[in-house]
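Everything below concerns the one structure shown next.
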Amino acid sequence: MKIALGSDHGGYNLKEYIKDTLEQKGIRCMDFGTYSTRSVDYPDFALKVAKSVAGGECDQGILCCGTGIGISIAANKVPGIRAAVCGDCFSARMAREHNNANILCLGERVVGRGLAFEIVEAWLKAEFQGGRHEKRLDKISDIERAYSNF
Ligand code: RB5
(Lines give C-alpha, C1' and ligand atoms only; values in the text may rest on other atoms or scores of the structure.)
Protein backbone atom coordinates (compact mmCIF):
# COMPACT_ATOMS: atom_id res chain seq x y z
CA MET A 1 0.00 0.00 0.00
CA LYS A 2 1.30 3.46 -0.88
CA ILE A 3 -0.15 6.60 0.70
CA ALA A 4 0.08 10.05 -0.90
CA LEU A 5 0.55 12.80 1.68
CA GLY A 6 0.09 16.53 1.31
CA SER A 7 -0.60 19.64 3.31
CA ASP A 8 -0.43 23.41 3.34
CA HIS A 9 1.46 25.31 6.05
CA GLY A 10 -1.50 24.98 8.44
CA GLY A 11 -1.33 21.18 8.25
CA TYR A 12 2.42 20.76 7.79
CA ASN A 13 3.26 19.58 11.32
CA LEU A 14 0.41 17.07 11.36
CA LYS A 15 1.39 15.77 7.91
CA GLU A 16 4.98 15.25 9.09
CA TYR A 17 3.76 13.43 12.20
CA ILE A 18 1.46 11.16 10.17
CA LYS A 19 4.27 10.44 7.68
CA ASP A 20 6.73 9.48 10.43
CA THR A 21 4.18 7.31 12.22
CA LEU A 22 3.04 5.50 9.05
CA GLU A 23 6.63 4.89 7.96
CA GLN A 24 7.49 3.49 11.40
CA LYS A 25 4.69 0.98 10.81
CA GLY A 26 6.17 0.00 7.44
CA ILE A 27 3.58 1.84 5.31
CA ARG A 28 5.10 3.48 2.23
CA CYS A 29 4.36 7.20 1.78
CA MET A 30 4.90 9.69 -1.04
CA ASP A 31 5.17 13.21 0.34
CA PHE A 32 3.91 15.85 -2.10
CA GLY A 33 4.68 18.75 0.24
CA THR A 34 4.53 21.34 1.52
CA TYR A 35 7.93 21.01 3.15
CA SER A 36 7.89 23.82 5.73
CA THR A 37 5.54 26.12 7.63
CA ARG A 38 6.03 28.91 5.07
CA SER A 39 2.63 30.14 3.84
CA VAL A 40 1.38 28.35 0.70
CA ASP A 41 -1.98 27.73 -0.99
CA TYR A 42 -3.74 24.47 -0.12
CA PRO A 43 -5.26 23.84 -3.61
CA ASP A 44 -1.74 23.29 -5.01
CA PHE A 45 -1.11 20.36 -2.67
CA ALA A 46 -4.64 19.01 -2.88
CA LEU A 47 -4.18 18.77 -6.65
CA LYS A 48 -0.84 16.91 -6.44
CA VAL A 49 -2.22 14.30 -4.02
CA ALA A 50 -5.57 13.98 -5.82
CA LYS A 51 -3.84 13.40 -9.18
CA SER A 52 -1.61 10.75 -7.67
CA VAL A 53 -4.59 8.87 -6.19
CA ALA A 54 -6.92 9.31 -9.19
CA GLY A 55 -4.13 8.20 -11.53
CA GLY A 56 -3.30 5.10 -9.48
CA GLU A 57 0.25 6.09 -8.50
CA CYS A 58 -0.83 5.93 -4.84
CA ASP A 59 -3.62 3.81 -3.37
CA GLN A 60 -5.02 6.38 -0.93
CA GLY A 61 -4.21 9.90 0.17
CA ILE A 62 -4.11 11.95 3.34
CA LEU A 63 -4.33 15.74 3.21
CA CYS A 64 -3.93 18.17 6.10
CA CYS A 65 -4.65 21.88 6.36
CA GLY A 66 -5.76 24.07 9.26
CA THR A 67 -9.29 22.69 9.28
CA GLY A 68 -9.19 19.98 6.59
CA ILE A 69 -11.99 21.83 4.82
CA GLY A 70 -10.29 23.88 2.12
CA ILE A 71 -7.99 21.08 1.07
CA SER A 72 -10.92 18.62 0.84
CA ILE A 73 -12.99 21.01 -1.28
CA ALA A 74 -10.06 21.37 -3.68
CA ALA A 75 -9.29 17.62 -3.84
CA ASN A 76 -12.94 16.82 -4.58
CA LYS A 77 -12.71 18.82 -7.84
CA VAL A 78 -10.54 16.07 -9.35
CA PRO A 79 -12.70 13.40 -11.03
CA GLY A 80 -12.60 10.08 -9.19
CA ILE A 81 -11.67 11.65 -5.86
CA ARG A 82 -13.86 11.19 -2.82
CA ALA A 83 -12.18 13.24 -0.10
CA ALA A 84 -13.69 13.24 3.40
CA VAL A 85 -12.88 15.55 6.30
CA CYS A 86 -13.07 13.56 9.53
CA GLY A 87 -12.73 14.66 13.12
CA ASP A 88 -13.66 11.35 14.74
CA CYS A 89 -13.02 7.63 14.24
CA PHE A 90 -16.64 6.68 13.50
CA SER A 91 -16.83 9.15 10.60
CA ALA A 92 -13.48 7.90 9.30
CA ARG A 93 -14.70 4.29 9.28
CA MET A 94 -17.99 5.27 7.63
CA ALA A 95 -16.16 7.40 5.07
CA ARG A 96 -14.53 4.20 3.87
CA GLU A 97 -17.31 1.64 4.45
CA HIS A 98 -20.14 3.69 2.90
CA ASN A 99 -18.47 6.38 0.77
CA ASN A 100 -15.27 4.61 -0.30
CA ALA A 101 -13.37 7.81 0.45
CA ASN A 102 -9.98 7.58 -1.22
CA ILE A 103 -8.57 10.69 0.50
CA LEU A 104 -8.82 11.47 4.22
CA CYS A 105 -8.59 15.14 5.21
CA LEU A 106 -7.61 16.31 8.67
CA GLY A 107 -7.45 19.70 10.38
CA GLU A 108 -4.28 20.33 12.38
CA ARG A 109 -6.04 23.16 14.23
CA VAL A 110 -8.99 20.90 15.01
CA VAL A 111 -7.66 17.53 16.17
CA GLY A 112 -4.65 16.67 18.30
CA ARG A 113 -1.98 14.26 17.03
CA GLY A 114 -3.21 11.30 19.06
CA LEU A 115 -6.77 11.51 17.81
CA ALA A 116 -5.60 12.30 14.27
CA PHE A 117 -3.60 9.11 14.08
CA GLU A 118 -6.47 7.04 15.49
CA ILE A 119 -8.65 8.54 12.75
CA VAL A 120 -6.03 7.57 10.16
CA GLU A 121 -5.91 4.00 11.50
CA ALA A 122 -9.71 3.67 11.58
CA TRP A 123 -9.91 4.82 7.96
CA LEU A 124 -7.06 2.61 6.73
CA LYS A 125 -8.44 -0.47 8.48
CA ALA A 126 -11.99 -0.06 7.16
CA GLU A 127 -13.15 -1.60 3.88
CA PHE A 128 -15.77 -0.39 1.41
CA GLN A 129 -18.95 -2.42 1.92
CA GLY A 130 -20.22 -2.15 -1.67
CA GLY A 131 -23.82 -3.35 -2.11
CA ARG A 132 -26.37 -0.56 -1.80
CA HIS A 133 -23.55 1.99 -1.48
CA GLU A 134 -22.18 1.16 -4.91
CA LYS A 135 -25.10 2.67 -6.83
CA ARG A 136 -24.83 5.89 -4.82
CA LEU A 137 -21.18 6.25 -5.75
CA ASP A 138 -22.16 5.54 -9.36
CA LYS A 139 -24.56 8.48 -9.13
CA ILE A 140 -21.73 10.70 -7.89
CA SER A 141 -19.67 9.62 -10.91
CA ASP A 142 -22.66 10.44 -13.13
CA ILE A 143 -22.71 13.98 -11.71
CA GLU A 144 -18.97 14.31 -12.39
CA ARG A 145 -19.46 13.22 -16.00
CA ALA A 146 -22.52 15.43 -16.52
CA TYR A 147 -20.68 18.55 -15.33
CA SER A 148 -17.23 17.81 -16.76
CA ASN A 149 -17.77 20.19 -19.72
CA PHE A 150 -20.18 22.51 -17.96
C1 RB5 B 1 -4.58 28.59 6.21
O2 RB5 B 1 -4.48 29.68 7.07
C3 RB5 B 1 -5.95 27.95 6.36
O4 RB5 B 1 -6.91 28.77 5.81
C5 RB5 B 1 -5.96 26.58 5.71
O6 RB5 B 1 -4.97 25.78 6.28
C7 RB5 B 1 -7.25 25.78 5.83
O8 RB5 B 1 -7.70 25.73 7.14
C9 RB5 B 1 -8.30 26.12 4.86
O10 RB5 B 1 -9.36 25.47 4.79
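Counting starts at 1 for both ligands and their atoms, in listed order.
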For the pair Phe117 and Tyr17, name the ring-plane relationship: parallel under 30°, tilted 30 to 60°, perpendicular over 60°.
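Ring orientation, 0 to 90° scale: perpendicular.
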
Please indicate whether Lys125 has more than 12 foreign heavy atoms, meaning atoms of other residues, nucleotides or ligands, lying under 6.0 Å from its NZ.
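12 or below, so no.
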
Between Asp31 and Lys19, is the closest basic N to carboxylate O distance under 4.0 Å?
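Looking at Asp31 together with Lys19, the answer is yes, because their closest N to O distance falls below 4.0 Å.
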
Under 4.0 Å between a side-chain nitrogen and a carboxylate oxygen: does that hold for Lys135 and Asp138?
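Answer for the salt bridge query: no.
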
Do Leu5 and Phe32 touch side chain to side chain, with heavy atoms closer than 4.5 Å?
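A side-chain contact is absent here, since even the closest heavy-atom pair is not under 4.5 Å.
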
Less than 4.5 Å apart, side chain to side chain, heavy atoms only: is that true for Ile3 and Leu124?
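With C-beta onward as the side chain, the pair touches.
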
Smallest separation among heavy atoms of Tyr12 and Thr37, with atom names:
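Shortest heavy-atom contact: CD2-CG2, 3.6 Å.
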
Distance filter under 4.0 Å to [X] heavy atoms, resulting ligand 1 atoms:
X     : result
Cys65 : 6 (O), 7 (C), 8 (O), 9 (C), 10 (O)
His9  : 1 (C), 2 (O)
Gly66 : 5 (C), 6 (O), 7 (C), 8 (O)

For ligand 1, find out whether one of its N or O atoms is nearer than 3.5 Å to an N or O atom of Gly70.
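N/O-N/O distance under 3.5 Å: yes.
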
Shortest protein heavy-atom distance from [atom], along with the residue and atom involved:
atom                   : value
atom 8 (O) of ligand 1 : Thr67 N, 3.0 Å
atom 2 (O) of ligand 1 : Arg109 NH1, 3.4 Å
atom 9 (C) of ligand 1 : Tyr42 CE2, 3.5 Å

Determine whether any protein heavy atom is located less than 4.0 Å from atom 6 (O) of ligand 1.
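Under the 4.0 Å cut-off, atom 6 (O) of ligand 1 does have protein heavy-atom neighbours.
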
Side chain, backbone, both or neither: Asp8 near ligand 1, heavy atoms under 4.0 Å
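Just the side chain.
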
